[in-house]
Number of protein chains: 2
Amino acid sequence: MANTRENLVHTAMQLFAEKGYHSTSIADILTTAGVNSGSLYHFFPGKQDLLVAVLDAYLQGIQEMLLKPAWQGVKDPVERVFSLLSTYRELLVSSDFFYGCPIGNLALELHEPDPAVREKLEANFTAWRDAVAGCIREAAVEKRVSLDADALATMVLAVMEGGVMLSRTYRDVSLHDVTVVELRNLFERAGLQGVTR
Amino acid sequence: MANTRENLVHTAMQLFAEKGYHSTSIADILTTAGVNSGSLYHFFPGKQDLLVAVLDAYLQGIQEMLLKPAWQGVKDPVERVFSLLSTYRELLVSSDFFYGCPIGNLALELHEPDPAVREKLEANFTAWRDAVAGCIREAAVEKRVSLDADALATMVLAVMEGGVMLSRTYRDVSLHDVTVVELRNLFERAGLQGVTR
DNA sequence: GTCTATACCCTGATAGAC
DNA sequence: GTCTATCAGGGTATAGAC
């Protein structure tokens, strides 16, 4: 592997998403990445520092890894929001409810995260909310309505996280779908989409 | 302690809520409960069976431990829903964002729960949704509106879980509050409460 | 049902040659 | 930067007397 550090971060990102932070051992990461213990501890003081690097990779990659694919071919700002939600739906279904939101998983697994970790979790949520708020603001201008875009974007994230949690637990995508329908109702009430949609 | 089994379940309930499942060791539980290893393994084959018993205790106690206190002195069915949400708000604030929803925490910490565990998580969510759906149905009759009470109750749970996740991560109750305001908007749109509230 | 002692494994992390 | 070997501690679970 050309870049050992990137290899470790990428491998840990995958394993943390699959099994969670505590259930992923250093040995797991080392064997999966094909890297030796000494190399990992050359780059990272400890496991938690690797976690911070993983959360930073999510943050740096939100545009290319998440938003760009989700918004491919979608121009309407409101539909971009719902296209983002569809990405999580697709992830749930195609993985047979194995994958959910990796950030949300970590946010609830780590009950008292170190400040560095908590700040990276927060930064990821903020980047997501800001992206959605941007869509909402754009739509509000188009539709000539006045609203609190940040508040609605926070609601979108909360609904996504809650809906994914429920669908994963029930192993049934309909719970996610129900929350999206209710969210559409909320967008309609805000004047962001037509009643006939 | 009169009842060792109950003592263990109660202690584990507390510790799982505080630290999560993986971060709570058997030794933690034993010393906190003041019980010896042999006693625990007399009642439970292993740690996971204790978890199932904990989830069952939540399920059995939802009326007395959660709903009854939350609905104390609240008659209006719509306000009962929001009073339930206030309970979680109070928990967040009074614990300085240490406690959230114990069921939601476990649902996301355990990525591939054993069927017995997953079913108990699901049962807890279902009991919660059913309680809220009951309120919504009652309100719908009063207000003479037609709606899908189960769908709206699912939305309420998703919003609560997502809102609690965000407020805990940001250590800021305003994110939870924002989602509750948006939920009120949704209830208003459904004809369940007046526009002036 | 409860007690003590302990087996046995896996954990994160380190040492030091290369 | 990478390698092998290994440590010290904590993890779940068990054994067997009482």
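Chain letters run A, B, ... following the sequence lines, proteins first and then strands; every chain starts at 1.
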Has E142(A) got more than 12 heavy atoms of other residues, nucleotides or ligands less than 6.0 Å from its CD?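 It does: E142(A) CD has more than 12 such atoms within range.
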Taking atom NE2 as the centre, does H111(B) end up with more than 12 heavy-atom neighbours from other residues, nucleotides or ligands that are less than 6.0 angstrom away?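 More than 12 heavy atoms, drawn from other residues, nucleotides or ligands, come within 6.0 Å of this atom.
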Atom [atom1] of [X] and atom [atom2] of [N]: how far apart are they, to the nearest Å?
X: L30(A); N: dA5(D); atom1: CG; atom2: C1'; result: 14 Å
X: D49(A); N: dA13(C); atom1: CG; atom2: C1'; result: 12 Å
X: H42(A); N: dC18(C); atom1: NE2; atom2: C1'; result: 15 Å
X: K19(A); N: dT11(C); atom1: NZ; atom2: P; result: 8 Å
X: N36(B); N: dT12(D); atom1: CG; atom2: C1'; result: 16 Å
X: D28(B); N: dT12(D); atom1: CG; atom2: P; result: 8 Å
X: H22(A); N: dG12(C); atom1: NE2; atom2: C1'; result: 13 Å
X: F44(B); N: dT12(D); atom1: CZ; atom2: P; result: 15 Å

Check step by step if side-chain hydrogen bond (donor to acceptor under 3.5 Å, both in side chains) holds for N7(B) and T11(B). CA-CA 6 Å; N7(B) 181 14; T11(B) 303; 3.3 Å; yes
Closest listed nucleotide, where the reference is the side chain of [X] and the choices are [options]:
X: K47(A); options: dT2(C), dT2(D), dA13(C); value: dA13(C)
X: A27(A); options: dT11(C), dT2(C), dT4(C); value: dT11(C)
X: I26(A); options: dT2(C), dG12(C), dT4(C); value: dG12(C)

Would the base of dT14(D) count as contacting S37(B) through its side chain, where contact means a donor and an acceptor less than 3.5 Å apart?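 Yes, a donor-acceptor pair under 3.5 Å.
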Are any of [X]'s side-chain N or O atoms less than 4.0 Å away from OP1 or OP2 of [N]?
X: T4(B); N: dT2(C); result: yes
X: S25(A); N: dT11(C); result: yes
X: Y41(A); N: dT14(C); result: no

How would you label the contact of S23(A) with the nucleic acid (heavy atoms, under 4.0 Å): base, sugar-phosphate, or nothing?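 Since no nucleic acid heavy atom lies under 4.0 Å of S23(A), the category is nothing.
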Salt bridge check, R129(B) against D150(B): does any charged N sit closer than 4.0 Å to a carboxylate O?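 No.
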To the nearest 0.5 Å, how far apart are CZ in R168(B) and CZ in R118(A)?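 That separation rounds to 12.0 Å.
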